[in-house]
Amino acid sequence: MKGRSQKAHTAHLPVLDGKCVDCHDVHGGEDARMLKAPEGELCLTCHTGMEQALDQPVVHAPLEMCSTCHAGHGSE
């Protein structure tokens, strides 16, 4: 059994599937990360179930910036 101090790596499904262009504009754009839309809006295109959760009376501050807590390509 692995110790609690070791973190499991979780890759984001579009990354595993090689679907970079689902989120990124290959020709660039105004965003330095070449995102097709503002981050919060882009994440909600797939994570539709989160819209209702984020519409609750109490929502934490980093609502527009999912990457404050979540890595777009995956996390450890």
Side-chain angles (χ1 to χ4, degrees):
M1 185 171 146
K2 293 184 178 183
R4 288 180 180 253
S5 62
Q6 292 182 344
K7 298 177 183 177
H9 180 73
T10 305
H12 198 212
L13 191 57
V15 175
L16 289 176
D17 291 342
K19 296 181 178 179
C20 304
V21 296
D22 282 2
C23 299
H24 298 280
D25 183 351
V26 295
H27 294 195
E30 294 180 20
D31 186 275
R33 298 169 293 169
M34 298 186 295
L35 296 178
K36 286 184 170 183
E39 185 176 323
E41 179 184 320
L42 182 63
C43 295
L44 290 174
T45 60
C46 292
H47 300 280
T48 55
M50 290 303 299
E51 285 184 271
Q52 186 176 14
L54 295 172
D55 197 27
Q56 299 301 310
V58 179
V59 177
H60 58 70
L63 174 62
E64 296 85 26
M65 296 297 291
C66 301
S67 65
T68 301
C69 298
H70 303 278
H73 294 135
S75 59
E76 291 190 65

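Numbers here are sequence positions counted from 1. Bear in mind the structure is a predicted one, so any value in this text is a computation, not a measurement.
- Judged by distance alone, with hydrogens and angles left aside, the side-chain atoms of Lys36 form a donor-acceptor pair with the main-chain N or O of Val21 at under 3.5 Å.
- Nearest heavy-atom pair, Gly40 versus Cys66, reported as atom, atom and distance to 0.1 Å: CA-SG, 4.2 Å.
- In this structure, SG in Cys46 is found 6.5 Å from CG in Asp22, a value given to the nearest 0.5 Å.
- Of all the heavy atoms in Leu44 and Met50, the pair that sits closest is CD2-CB, 3.8 Å.
- Between His24 and His73, the two ring planes are tilted [angle within 30° to 60°].
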